[in-house]
Amino acid sequence: QSPSIPFEVRVSHVSQRWRRLALGTPTLWTRIETRTLPYGIVEKARVYAKRSGEAPLHIRIDTVGCPLQLDETGASKNVRHTRLLSALLDVLTPDVPRWASFHFSTGLPSVMILAVACLAMYPAAPRLERLTLIARRARLRNAIELDDAPLPYLPFGDIAPALHHLTLEGVALPWDSAHYRFLASLRLVAHPPGARPSPAQFAAVLRDCPHLEALSIVASGPRAPTP
């Protein structure tokens, strides 16, 4: 009865009949979530991806709470963390065509660069409706920071025609990206001046979102024009 055991796992262990029903219900296995990258997460993701069949997947990877260790150059010393994350993405990305939502957050911007570069290798996410990318600044000496500019990568080949909800915190995509079009909600948080759009770029984003219902800007938004 532990609350840490997901419902779908509990019901699959009630009896043989319940197990058959649970394993034969793909929608029970469509949420793949992790907050600490524990051992076993890669195998769990592999099992859930298989059991979910062709149902849309909802993925949440939150590594903000993972212990962070940096060497004198600012590179991560946590080899286990990096390997687990890479292995997890290797398992999940073949199913990008059926992702419905993807949330990725990290306390190391360098890890965000790695993740977005990985997503850029996949040509399209036709069913993706919600994308959240959060790069919290690591308050550690020697921490590698994101450049004061949008990332040079476009996730999913800049093709996500169903995307309607976009959150970018501490990281920005190129402002001419198609991911900014036809949105219903847009949240922009904590962007340094060089990563912010020009007034003209921001106006173009708004024009391309005629059905925008929610706009949230916190320490972000269009940069002031140069005198």
If I take atom CG from residue Asp90 and atom CZ from residue Arg46, how far apart are they, to the nearest 0.5 angstrom?
9.5 Å
Return the CG to CG distance between Leu133 and Leu119, rounded to the nearest 0.5 Å.
7.5 Å
Glu8: salt bridge (Lys or Arg N to Asp or Glu O under 4.0 Å) partners, not counting sequence neighbours:
none
Any sub-3.5 Å donor-acceptor pair from Ser86's side-chain atoms to Arg83's backbone N or O?
no
Spell out, as yes or no, whether a donor-acceptor pair under 3.5 Å connects the side chain of Arg196 to the backbone of Arg223.
no
Which donor-acceptor pairs under 3.5 Å do side chains of residues 91-105 form with protein atoms, sequence neighbours excluded?
{"from": "Thr93", "atom 1": "OG1", "to": "Leu89", "atom 2": "O", "distance (Å)": "2.6"}
{"from": "Thr93", "atom 1": "OG1", "to": "Tyr122", "atom 2": "OH", "distance (Å)": "2.9"}
{"from": "Asp95", "atom 1": "OD1", "to": "Arg98", "atom 2": "NE", "distance (Å)": "3.2"}
{"from": "Arg98", "atom 1": "NE", "to": "Gly53", "atom 2": "O", "distance (Å)": "3.3"}
{"from": "Arg98", "atom 1": "NH1", "to": "Ser52", "atom 2": "OG", "distance (Å)": "2.9"}
{"from": "Arg98", "atom 1": "NH1", "to": "Gly53", "atom 2": "O", "distance (Å)": "3.1"}
{"from": "Arg98", "atom 1": "NH1", "to": "Ala55", "atom 2": "O", "distance (Å)": "2.7"}
{"from": "Arg98", "atom 1": "NH2", "to": "Ala49", "atom 2": "O", "distance (Å)": "2.7"}
{"from": "Arg98", "atom 1": "NH2", "to": "Ser52", "atom 2": "OG", "distance (Å)": "3.1"}
{"from": "Arg98", "atom 1": "NH2", "to": "Gly53", "atom 2": "O", "distance (Å)": "3.1"}
{"from": "Trp99", "atom 1": "NE1", "to": "Leu92", "atom 2": "O", "distance (Å)": "3.3"}
{"from": "Ser101", "atom 1": "OG", "to": "His58", "atom 2": "ND1", "distance (Å)": "2.9"}
{"from": "His103", "atom 1": "ND1", "to": "Arg60", "atom 2": "NH1", "distance (Å)": "3.4"}
{"from": "Ser105", "atom 1": "OG", "to": "Asp62", "atom 2": "OD1", "distance (Å)": "2.8"}

Exercise: identify the closest heavy-atom pair between Ala172 and Ala195:
CB-O, 3.7 Å
Donor-acceptor contacts, no H, no angles, side chain residues 150-158, under 3.5 Å, sequence neighbours left out:
{"from": "Asp158", "atom 1": "OD1", "to": "Ser177", "atom 2": "OG", "distance (Å)": "2.5"}
{"from": "Asp158", "atom 1": "OD1", "to": "Ala178", "atom 2": "N", "distance (Å)": "3.1"}
{"from": "Asp158", "atom 1": "OD2", "to": "Ala178", "atom 2": "N", "distance (Å)": "3.0"}

Show me the donor-acceptor pairs, under 3.5 Å and distance only, between side chains in residues 13-22 and residues at least two apart or in other chains.
{"from": "His13", "atom 1": "ND1", "to": "Val9", "atom 2": "O", "distance (Å)": "2.8"}
{"from": "Ser15", "atom 1": "OG", "to": "Trp18", "atom 2": "N", "distance (Å)": "3.2"}
{"from": "Arg19", "atom 1": "NH1", "to": "Ser12", "atom 2": "O", "distance (Å)": "3.4"}

According to a hydrophobic-cluster definition based on side-chain heavy atoms being under 4.5 Å apart (Ile, Leu, Val, Met, Phe, Trp, Tyr only), do Ile159 and Leu166 belong together?
no
For His165, the side chain to side chain donor-acceptor pair (under 3.5 Å) test, sequence neighbours excluded, returns Ser185
Would you say Ile61 and Leu168 are hydrophobically clustered, going by side-chain heavy atoms of ILVMFWY under 4.5 Å?
yes
Which distance, rounded to the nearest 0.5 Å, do you find between the OG1 of Thr63 and the CZ of Arg136?
10.5 Å
Flag the pair Lys44 / Ile32 as yes when at least one side-chain heavy-atom distance between them is below 4.5 Å, and no otherwise.
no
Could you see if Leu188 belongs to whatever hydrophobic cluster contains Phe182? Use Ile, Leu, Val, Met, Phe, Trp, Tyr and a side-chain cutoff under 4.5 Å.
no
Listing, residues 200-220 side-chain donor-acceptor contacts under 3.5 Å, not counting sequence neighbours, or none:
{"from": "Gln201", "atom 1": "OE1", "to": "Ser198", "atom 2": "N", "distance (Å)": "2.9"}
{"from": "Gln201", "atom 1": "OE1", "to": "Ser198", "atom 2": "OG", "distance (Å)": "3.4"}
{"from": "Ser216", "atom 1": "OG", "to": "Arg187", "atom 2": "NH1", "distance (Å)": "2.7"}
{"from": "Ser220", "atom 1": "OG", "to": "His191", "atom 2": "ND1", "distance (Å)": "2.7"}

Euclidean distance, Leu186 CG relative to His164 NE2, rounded to 0.5 Å
14.0 Å
Provide the closest heavy-atom pair for Leu173 versus His179 in the form atom of the first, atom of the second, distance.
CD1-CD2, 3.9 Å
Spell out, yes or no, whether Ile134 and Ile113 are grouped together once hydrophobic residues are joined by side-chain heavy atoms under 4.5 Å, including indirect joins.
no
Does Val116 share a hydrophobic cluster with Val189, counting links as ILVMFWY side-chain heavy atoms below 4.5 Å and allowing steps through other members?
no
